[in-house]
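Worksheet: one structure, shown below.
Both counts, for ligands and for their atoms, begin at 1 and track the order of listing. None of the values given here were measured: they were computed from a predicted structure.
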Amino acid sequence: MEIKVLPDLTITADSDETLMDALVRHRLSVQNVCNGKGTCGKCKVRISGRVPQPTERDRKHLNETELAAGIRLACAVIPENGMIIELDVVDKLDRKEAALLGMKAATLDPGVKKVFLTLSKPTLADERGDWDRTVDELINVTGKNIVASSLNVIGKAPEVIRADNYTLTATVTDREILDIEAGDTRSTLFGAAVDIGTTSVAVALVDLLQGTVLKVVSTENEQTAYGADVISRISFASESRQNAVLLQNAIRRTINRLLNELNLKTNVNLKDIIKMTIVGNTTMHHLFTGLDVSHLAVAPFVSVCNRPLQFSAHELSLDVNPQAKVFLLPNIGSFVGGDTLGAVLGAPEVLEPGNHLLIDLGTNCELFLKTNDTMVACSTAAGPAFEGAGITNGMRARKGAIESITLSEQGVSCRVIGGQTPIGICGSGLIEGIDEMRRTGVINAQGRIGDPEAISNLPIELQRRIRGTEKGNEFVLAYGLDQGRDITITQKDIAAFQYAKGAVCAGIKTLVEMAGLAVSDLDSVILAGTFATYLKAENILNIGLVPNIPPERIKAVGNAAHMGAIRALLDDRELAFAEELYRKIRHIELGGSVTFSDYFTDSMYLERLD
Ligand code: FES
């Protein structure tokens with residue numbers, strides 16, 4: 001049967017699959033936090049045309065207004081002919097990515113260059129082969145013994161050298177001829193830097209001649225259809241080889257989709273992309289390359305490979321020049337990936353003299369500590385709350401997300417991305433909202449909403465926004481307009497947040513202690529990651545996301561991991577430096593640490609922590 005997906009797509013669906021299955025099979029992105037088990041309530045779609053009766057699962061997660069508006073859970077819908085589906089629209093350019101546009105190289109030495117060659121024509125007295133003639137001239141011009149190449153490139157020689165009167169351009173590294181093109185093409189040389197996040201993926205197109213970032217695009221990682229975090233993806237991939245291939249294809253498709261978007265937006269021919277760098281956590285690294293992730297999930301949590309890796313684009317099925325060099329930054333440990341090394345390259349101030357802590361906030365929070373004596377790194381599983389997932393009205397930081405909240409006697413004032421009607425709350429909004437609720441007494445230090453002792457002291461406008469539900473109390477941030485759905489922070493959301501922030505704070509304390517320091521010895525705390533840019537130091541200190549240090553020592557640096565990937569693209573010395581760091585950084589596993597467990601319990605309170 002056929003289903004229309006707005007605005008202009010028609011897909012087929014089988015009678016033995018759910019709407020979610022059909023959407024995933026057609027590579028359409030739909031939130032799928034619980035993997036179709038019916039517990040998360042996130043896979044909402046709007047159905048018109050032939051609207052099915054609500055199922056029990058729909059009734060559990062959707063209110064009457066939503067049901068009347070045709071909203072259903074995709075994992076509970078049996079497709080029928082004539083259905084018209086509306087999916088959530090993903091904002092293509094993430095706020096963080098805008099900061100990378102126009103970024104210019106401090107140093108430029110990408111390790112690939114173009115060399116223009118004019119060949120002598122063959123004669124009976126000079127009957128050297130076409131490729132031999134090309135290589136001889138290249139050695140003559142460069143003075144370097146560059147001879148290695150692929151059969152594909154060698155095979156192009158007869159056509160290329162004759163296409164423009166025996167003139168051609170060779171794209172080379174110090175050892176290898178990556179491509180040959182007819183005539184003089186020295187004015188174009190491009191690279192792409194990729195940040196594979198668990199939730200979103202970003203690709204930057206970089207001019208390797210000028211050293212500038214031309215365009216950055218990002219989108220949701222297609223793997224999210226198979227699970228929200230690294231643990232659920234590892235478990236899915238470990239079930240069968242077929243599942244692992246599904247995840248591998250999903251991330252490769254996501255990257256190729258972004259590359260093609262870059263092509264459309266810039267007119268740069270993807271075949272002119274000759275170098276790529278990739279950062280990601282260890283799980284993303286393995287799923288992308290097709291390495292087995294099953295041992296990552298069980299003690300002693302062993303990866304297949306942490307060393308720096310290099311492949312051709314052809315081997316990785318990437319839609320750029322098939323001979324393009326693709327570099328994967330090394331992983332530091334099983335849950336501390338090349339994205340952490342990328343973040344160190346992207347925020348080099350963390351390596352300055354003194355004691356500096358870098359925190360890459362995300363579902364899997366990675367910590368890197370550099371002291372005057374050592375460099376150590378660890379990870380702590382914060383869960384998806386910071387990314388707006390696993391939160392009742394949580395969403396990514398895109399249009400319609402509440403990003404900032406102020407509580408006062410007059411009630412609640414929200415700033416919404418895009419200035420439109422709010423449809424959810426993103427990580428920065430959640431943190432500010434919880435701090436405001438704490439400050440005004442809507443919640444106490446234990447995180448309890450509407451403590452009877454405190455509630456009578458609240459302004460009336462705040463009191464009336466606290467309401468009881470069968471799942472516990474909740475606080476209304478914004479009353480629903482269009483579909484009548486209110487945006488709330490629930491008791492369960494606060495518990496999820498306390499878990500996340502407790503894990504981060506305990507990780508910091510444990511790592512600092514293992515390095516022989518006290519938190520007060522830290523000269524700076526550098527926050528990296530998508531939403532960290534939008535956090536206020538006072539908020540994160542007030543709720544104890546980081547231990548109590550002077551706010552002026554806290555600095556946000558944006559998506560440092562992607563910046564690091566761009567730096568490594570622009571300068572091979574950065575790649576070499578990443579390799580040097582990989583050998584020097586000591587990985588610490590917090591899993592069995594009693595200190596971590598003790599700190600974790602103490603770090604759940606929503607108050608400044610010493
Ligand atoms: S309720 Fe449908 S995917 Fe979770």
Out of all atoms in ligand 1, which are within 4.0 Å of some heavy atom of [X]? Include the element for each.
{"X": "M20", "result": "3 (S)"}
{"X": "G36", "result": "3 (S)"}
{"X": "G38", "result": "1 (S)"}

Got a salt bridge between [X] and [Y], using NZ or NE/NH1/NH2 to carboxylate O under 4.0 Å?
{"X": "R257", "Y": "E261", "answer": "no"}
{"X": "D486", "Y": "R467", "answer": "yes"}
{"X": "R59", "Y": "E56", "answer": "no"}

Among side-chain atoms of N221 and T224, is any donor-acceptor pair under 3.5 angstrom?
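There is no such pair (donor and acceptor under 3.5 Å, judged by atom type) between the side chains of N221 and T224.
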Contact with ligand 1 for H61, non-hydrogen, under 4.0 angstrom:
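No, H61 has no heavy atoms under 4.0 Å from ligand 1.
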Using a 6.0 Å cut-off, check whether atom CZ of R464 has over 12 heavy atoms from anything other than its own residue.
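Yes, the 6.0 Å shell around CZ holds more than 12 heavy atoms from other groups.
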To the nearest 10 degrees, how large is the angle at atom 2 (Fe) of ligand 1 between C75 SG and C43 SG?
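With atom 2 (Fe) of ligand 1 as the vertex, SG (C75) and SG (C43) sit 100° apart.
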